[in-house]
Amino acid sequence: MAQNKIIVVKKVITVKDKQFDLFIEQAEIEQNIKNIAARMNAELDGKRPVFLVVLNGAFMFAADLMKEVTIPSEITFVRLASYEGTSSTNSVKQVLGLNECVKDRIVVIVEDIVDTGNTMVALLKELEKHEPKEVKVATLLLKPDALKQQVPLDYVVLEIPNEFILGYGLDYDGYGRNLKDIYKIK
Ligand code: IMP
Ligand code: MG
């Protein structure tokens with residue numbers, strides 16, 4: 001027989017050397033994702049989009065989003081590799097996993113967070129080389145006060161202040177991606 005469970009969400013957590021406060025709970029994230037998915041279902045109906053999920057950060061967002069997307073569509077995954085050593089680690093060198101499936105298609109980039117916007121601008125530039133018909137950008141989070149680039153943002157699930165967050169796919173030094181809720185640095 002099913003038992004009623006009381007779900008206790010930890011308000012403060014420690015990840016590596018830092019403390020984080022609970023910021024956005026899973027239920028709120030999921031409700032906002034449902035709203036965005038409903039818009040996609042209406043706006044992209046009949047367009048057979050390809051959802052291009054940016055790993056690692058967007059894996060949890062993509063999983064919840066795609067369960068709510070009901071229109072015929074494909075899903076594919078890319079990973080960004082940046083220069084290491086002599087060059088800046090900010091600049092995207094390669095988009096691993098990008099292939100011909102985007103040519104002449106409507107592509108919806110699925111990203112975890114747009115901070116300065118540098119990553120998204122670099123990704124859009126790479127994507128253009130593969131001749132998509134149209135590109136739309138969906139991001140779980142946006143830090144409007146951190147934006148340094150003009151980025152076309154079609155679907156923004158939540159806007160947050162310019163502070164470091166983790167959970168729900170986002171990491172601090174590799175940890176915390178598996179947290180159900182989003183936490184903000186103390
Ligand atoms: P941007 O190029 O400055 O827009 O940064 C984008 C990337 O930085 C994201 O894809 C994340 O991987 C990472 N990032 C930015 N802000 C945060 C944060 O608050 N928590 C965790 N990762 C972040
Ligand atoms: Mg990312």
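Just so you know, ligand 1 is whichever comes first in the structure, and atom 1 is the first atom listed for that ligand.
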Under a 3.5 Å threshold, yes or no: a donor from one side chain and an acceptor from the other, between Tyr155 and Asn35? no

Leu179 and side-chain contact (heavy atoms from CB on, under 4.5 Å): which single residue from Leu170, Val9, Ile13 fits? Ile13

Contact between ligand 1 and Leu166 is defined here as a heavy atom of the residue under 4.0 Å from a ligand atom; is it met? no

Is there a heavy atom in Asp171 that sits closer than 4.0 Å to ligand 1? yes

Within-4.5 Å side-chain heavy-atom neighbours: Thr76 and Val53: no

Taking only heavy atoms of Thr119 into account, list the atoms of ligand 1 that are under 4.0 Å away from them. 1 (P), 2 (O), 5 (O), 6 (C)

Show your reasoning for whether side-chain contact (heavy atoms from CB on, under 4.5 Å) applies to Leu80 and Val54. CA-CA 7 Å; Leu80 307 182; Val54 184; 4.0 Å; yes

My understanding is that we take every heavy atom of each candidate and find the minimum distance to atom 11 (C) of ligand 1. Doing that for Ile113, Ile165, Asn118, which one comes out nearest? Ile113

Would you please say whether a donor-acceptor pair under 3.5 Å links the side chains of Tyr168 and Asp64? yes

Note: Met120, heavy atoms under 4.0 Å from ligand 1, region reported as neither

Could you list the residues that satisfy salt bridge (Lys or Arg N to Asp or Glu O under 4.0 Å) with Lys16, not counting sequence neighbours? Asp173

Region of Leu170 that comes within reach of ligand 1 [heavy atoms, distance under 4.0 Å]: side chain

4.0 Å heavy-atom contact, Gln149 with ligand 1: no

Check if Gly117 has a non-hydrogen atom at a distance under 4.0 Å from any atom of ligand 1. yes

Below 4.0 angstrom from a heavy atom of Thr116, which ligand 1 atoms are there? Numbered from 1 as shown, please. 1 (P), 2 (O), 3 (O), 4 (O)

Under a heavy-atom criterion of less than 4.0 Å, does Lys148 contact ligand 1? no

Do Ile113 and Ile160 have side chains that approach each other closer than 4.5 Å (heavy atoms only, starting at C-beta)? yes

